[in-house]
Amino acid sequence: MTQENKQEFFEYAAEAAVVGAGHAGCEAALALARTGIKTVLLTLNLDSIAFLPCNPSIGGTAKGHLVREIDALGGEMGLVADDTALQIRMLNVGKGAAVQSLRAQSDKNAYHREMKKVLEGTENLRIIQAEVSEILTENGKCTGIKTTYGGVISCKAAILCTGVYLNGETITGHVVQKSGPNGFAPANHLTESLIKLGFSVRRFKTGTPARVDGRTVDYEKCEIQNGDTDIYPFSFMHDTPPENKAPCYLTYTNLTTHEIITENLDRSPLYDGTILSTGPRYCPSIETKVVRFKDKERHQIFLEPEGADTSEVYVQGMSTSMPHDVQKKMYSSVAGLEKADIVRYGYAIEYDCIDTLDVLPTLEFKKVEGVYTAGQINGTSGYEEAAAQGLMAGLNASLKLRGLPPFVLRRDEAYIGVLIDDLVTKGTDEPYRMMTSRAEHRICLRQDNADFRLTQKGFEVGLVKQNRYEKYLQRKAQYEELLASLQTRVPQKEVTPFLKEYGYGEPSGSVSYADLLKRSIPLKAIMERFGVFYEYPKNVLETAEITVKYEGYLKQGWELIEKAKRLEDKLLPADIDYNEIKGLRLEAQEKLNRVRPFNLGQAGRISGVNPADISVLMVYLATRN
């Protein structure tokens with residue numbers, strides 16, 4: 001029976017439908033259901049819910065910030081990451097607080113099971129295994145979705161979280177297969193509907209390395225990478241970090257590895273014309289690294305356990321789409337992997353995604369009311385980026401259905417704000433990855449203060465529940481009390497010997513604990529010397545220490561934010577025809593009409609709009625008012 005001959009039948013009535021149950025889909029569905037919206041979540045396979053198809057980890061540089069922000073807003077990723085972690089570490093501890101990021105090695109199967117359990121236990125949420133083939137609309141508004149089996153689900157909002165499944169094809173050597181990640185079925189029917197709706201569709205690529213049998217790895221030839229214990233967890237709802245249950249290991253490629261790859265580049269689909277789509281710049285394949293960095297004699301390779309119930313090990317840093325025989329040779333050339341058995345070979349995967357210049361800052365499609373997109377369909381890479389978008393898309397759909405104003409985070413409020421603003425203002429021509437360097441206000445957007453920045457906002461829009469809100473208020477009160485206590489002064493005779501230990505001379509009088517922190521003396525050392533502040537939890541101590549230590553930088557940061565907000569506060573009417581504004585350059589007219597910025601700040605970040613164009617817009621707004 002062809003798809004055209006499948007008879008329609010009414011299957012379910014919901015207020016909102018979420019298409020796809022990856023990390024974006026899970027957060028979108030939970031945000032909707034937890035705010036009282038009757039929601040249906042559709043997935044190609046129930047076994048792929050919250051699946052970690054590539055790296056079995058949550059967090060990392062800048063990504064850890066996103067997870068903490070998701071948690072602060074009432075999302076689920078941080079909670080599940082803590083509960084299913086095999087190991088947790090703080091990255092960049094030798095650098096400033098702004099770029100330090102949590103990263104957890106996750107138990108892949110446990111993460112899937114735990115998130116599925118959360119979804120199944122959520123009120124207002126129904127899960128259905130089905131492939132969506134069409135978005136139904138009437139008069140420019142979403143009215144429902146249709147499955148490949150003819151089932152129709154009525155809804156006023158559809159959040160598309162399709163991941164890498166849209167027309168997914170895996171590529172290894174010259175073998176191209178219609179497939180989603182890890183052998184799951186692709187979604188072959190929805191793209192046509194998206195094009196008919198007016199989406200601009202393009203093709204991106206990502207990839208994954210081989211998995212090897214950990215029992216065949218010689219770990220004695222590798223460097224052990226243990227987890228940290230003296231850190232905080234992802235979730236503000238948890239008081240202690242997860243237990244470290246398994247180590248990771250570090251090894252390296254070598255000149256032999258590079259020679260094997262170089263000699264077989266003619267068989268690489270990246271270089272023989274098989275793969276034409278754009279891949280992630282910041283997570284390249286091992287073939288690309290060897291070609292691009294010819295002067296490097298070795299590249300780091302991390303051996304990471306996939307779970308407590310399996311011997312599979314993820315070979316991070318060696319993503320590849322080489323033929324299987326070449327993969328076998330190059331992996332076995334790496335120290336520790338000489339006799340390792342490959343249980344899953346690496347592959348590249350190509351998939352359809354959209355141009356996010358077609359999307360509003362709420363992640364709603366500009367051309368069809370009630371259709372939202374989140375995750376890799378928006379051209380991003382990474383579980384954390386997807387989850388953040390899913391939460392925001394689900395929350396904005398919920399707010400719209402409830403007749404409430406939209407929820408859009410500014411760049412100075414959250415990494416989530418930076419992520420979405422980049423996507424809808426600048427767009428992306430390659431898989432987008434969050435990095436601390438993308439956030440111009442990163443000194444104020446640290447992961448330790450995510451709850452101070454966002455939990456009140458999450459509470460006001462109905463996603464943060466009372467128990468989380470009370471925990472936030474308690475931490476905030478402790479933090480403010482500690483800041484006041486840090487102004488307590490230590491007598492000169494008591495503090496002088498302590499200061500001399502750190503190379504300082506005798507002070508002219510008493511010195512406050514805050515003054516000691518500003519001299520870069522660690523709070524832990526102050527506590528040990530004077531026996532103070534032990535009643536405060538670690539996450540309160542750390543945030544207070546950073547606040548005092550970086551007081552000058554933070555003040556400068558907030559001044560820049562206030563300056564930038566002046567432009568953000570100048571709203572641009574939705575009905576402006578930029579072609580009619582005299583003085584705007586043709587390129588600026590074209591870009592402004594395409595993006596339809598909300599305010600002058602967003603307009604100034606559009607590629608092709610210069611300061612002179614912003615000045616013209618300011619004059620226009622003044623005369624219009």
Non-hydrogen side-chain atoms of [X] and [Y] separated by less than 4.5 Å:
| X | Y | value |
| --- | --- | --- |
| Thr428 | Asp422 | no |
| Thr61 | Asn92 | yes |
| Lys591 | Ser607 | yes |
| Ile135 | Leu197 | yes |
| Gln327 | Thr172 | yes |
| Val359 | Ile420 | no |
| Thr380 | Leu419 | yes |
| Glu369 | Lys400 | yes |

- [ ] Look at the side chain of Asp71 and the backbone N and O of Val67, then say whether any donor-acceptor pair between them is shorter than 3.5 Å.
- [x]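 Here the side-chain-to-backbone pair does not exist.
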Ionic contact status for [Y] with [X], cut-off 4.0 Å:
| X | Y | result |
| --- | --- | --- |
| Arg34 | Glu76 | yes |
| Arg594 | Asp355 | yes |
| Arg202 | Asp352 | no |
| Glu134 | Lys196 | no |
| Arg605 | Glu440 | no |
| Glu312 | Arg211 | no |

Open item on the list: As an exercise, state the distance from NZ of Lys367 to CG of Leu360, rounded to the nearest 0.5 Å.
Closed with: 12.0 Å
Task: Geometric cation-pi criterion, Arg68 with Phe236: 6.0 Å, 45° - done: yes
Open item on the list: Within a 6.0 Å radius of atom CZ on Arg344, are there more than 12 heavy atoms belonging to other residues, nucleotides or ligands?
Closed with: no
Open item on the list: Within the supplied structure, the quantity of interest is the number of heavy atoms (other residues, nucleotides, ligands) at a distance under 6.0 Å from Asp429 CG; does it exceed 12?
Closed with: no
Can you find a side-chain donor-acceptor pair between [X] and [Y] that sits under 3.5 Å?
| X | Y | answer |
| --- | --- | --- |
| Thr274 | Asp272 | yes |
| Ser57 | Arg103 | yes |
| Ser200 | Asp358 | yes |
| Thr84 | Glu114 | no |
| Ser101 | His65 | yes |
| Thr147 | Glu11 | no |

Task: Any residue meeting side chain to side chain donor-acceptor pair (under 3.5 Å) with Asp47, in chain and number order, not counting sequence neighbours - done: none
TODO: If the plane angle is over 60° it's perpendicular, under 30° parallel, otherwise tilted; pick one for Phe184 and Phe51.
DONE: perpendicular
